[in-house]
Amino acid sequence: MKEININLIPGDGIGIDVIHEGKKTLEALAKLDGGLHFDFHTLPWSCEYYLTHGVMMPDDGLKILADCDAILLGAVGFPGVPDAISARDLLFPIRLEFQQYVNMRPIKLLPGLDSPLKSTHIDFVVVRENSEGEYCGRGRIENDGTPQKTVIQEAVFTQNGTERIMRYAYEYARKTGAKSVISATKSNALNYSMVFWDAVQQQVEKDFPDIQSRKMHIDALTGYFIMQPEKIEVVVASNLFGDILTDLGSAMLGSIGISPSGNINPTGKYPSMFEPIHGSAPDIAGKGIANPLGTLWACEMMLRQLHLTSQADLLMSGICEVLQARKIRTPDIGGTATTSEMTDAIISAMFRNAK
Ligand code: IPM
Ligand code: MG
């Protein structure tokens, strides 16, 4: 029996709804396989936990979390707890401590999804830097309480951090047969960070003469996403730019509830963490209408990373089949189905396809 240990952090809001579906789907895959068993360990760390305990996770939280093959996270954030706390005290420490410096975010229009755009060929990946940049958390407040109050938010770009994400993107392009990499920049305005970012790209691209390199200013790139998404294959972006681009990317597929995200520790020294890119959506939490796709797709990425390729293929085939049938889908993508009805339809399709 192959044992896989998964730490679940449902978090807040619809995070709880969708992780329930992810767990159910993984259990179904294990049942189908017979020789596979997922051992789930659910951690209650969330904003609710914060309101009771005063912290997002216990002191030894990262130690507890490290002991697994992968982490599956729903979403964090809830009214009453400042967003900066839920991110800074839970999400970012995990990304940092486990050196998940790559955030892989595929943006792919699966058959049966309706893009609000004219183009029907949307299939690219955003390789987001996940450990530094604009999210470094450094800054200061000067002359507080005076009209001269000045708030400084810093961004940190290191040679090592920038080079490794660039290389990862180019290597990913080469590995997957993509012919081009676009680097998201803003070196016309950000005279230190993005000028450096461009210089590192120029240095790295020399090692990849087979890949066509481009840089685009982030403003122009957002327009390009909408106007010519079919030309995009791999995008490499800083932490903040990658964050913004991927909400746009998921919306290009018809809903923010669709896209997954893999916080990857490329060395395998620490567990990677998979999550939908959407937030906790408190307005629809517990109503049973959240789209489970972002999480199920995150499960698919997780399975692939764990080398459970046939399970990943089966899950993806179930997702595609249900989308293409156009019958059972959640309201955000034009249907009336509940979260669990959609998952159950995907699980049924997996059972059919496995035979
Ligand atoms: C994401 C989210 C987070 C981020 C928030 C919750 C801090 O938007 O994973 O895309 O910006 O990284
Ligand atoms: Mg985001």
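The model shown is predicted, which means the values in this text are computed figures rather than measured ones. Whatever order the structure lists ligands and atoms in, that order sets their numbers, starting from 1.
A salt bridge links K24 and D344; the closest N-O separation between the charged side-chain nitrogens and carboxylate oxygens is under 4.0 Å. By the 4.0 Å N-to-carboxylate-O rule, K175 lies too far from E171 to be salt-bridged with it. Salt-bridge formation is not detected for the pair D207/R174: no Lys NZ or Arg NE/NH1/NH2 atom is positioned less than 4.0 Å from an Asp or Glu carboxylate oxygen. A salt bridge links E275 with R95; the closest basic N to acidic carboxylate O contact falls under 4.0 Å. Comment: E27 does not engage K31 in a salt bridge, judged by the lack of any side-chain N to carboxylate O separation of less than 4.0 angstrom.
Contact analysis puts R105 in contact with ligand 1, with a non-hydrogen atom separation below 4.0 angstrom. For the pair E134 and ligand 1, no heavy-atom separation below 4.0 Å is found.
Here is the list of ligand 1 atoms found below 4.0 Å of a heavy atom in A87: 7 (C). Less than 4.0 angstrom separates some heavy atom of R128 from each of these atoms of ligand 1: 1 (C), 4 (C), 9 (O), 10 (O), 11 (O), 12 (O). Counting atoms of ligand 1 from 1 in the listed order, those under 4.0 Å from a heavy atom of F92 are 7 (C).
When the options R95, E275, H278 are ranked by their closest heavy atom to atom 12 (O) of ligand 1, first place goes to R95.
Of the protein's non-hydrogen atoms, Y135 OH, 2.5 Å is the one closest to atom 11 (O) of ligand 1. Here the protein heavy atom with the shortest distance to atom 3 (C) of ligand 1 is L91 CD2, 4.0 Å. Closest to atom 2 (C) of ligand 1 among all protein heavy atoms lies D243 OD1, 4.0 Å.
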I'd like to know whether R105 forms a side-chain contact (heavy atoms from CB on, under 4.5 Å) with S259, so could you lay out the CA-CA distance, the side-chain angles of the two residues, the decisive distance to 0.1 Å, and finally the verdict.
CA-CA 7 Å; R105 298 192 153 188; S259 292; over 6 Å; no
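The nearest N, O or S atom of D243 is closer to the Mg ion (ligand 2) than 2.8 Å.
Side-chain contact, S272 with Q100: no donor N or O sits under 3.5 Å from an acceptor N or O.
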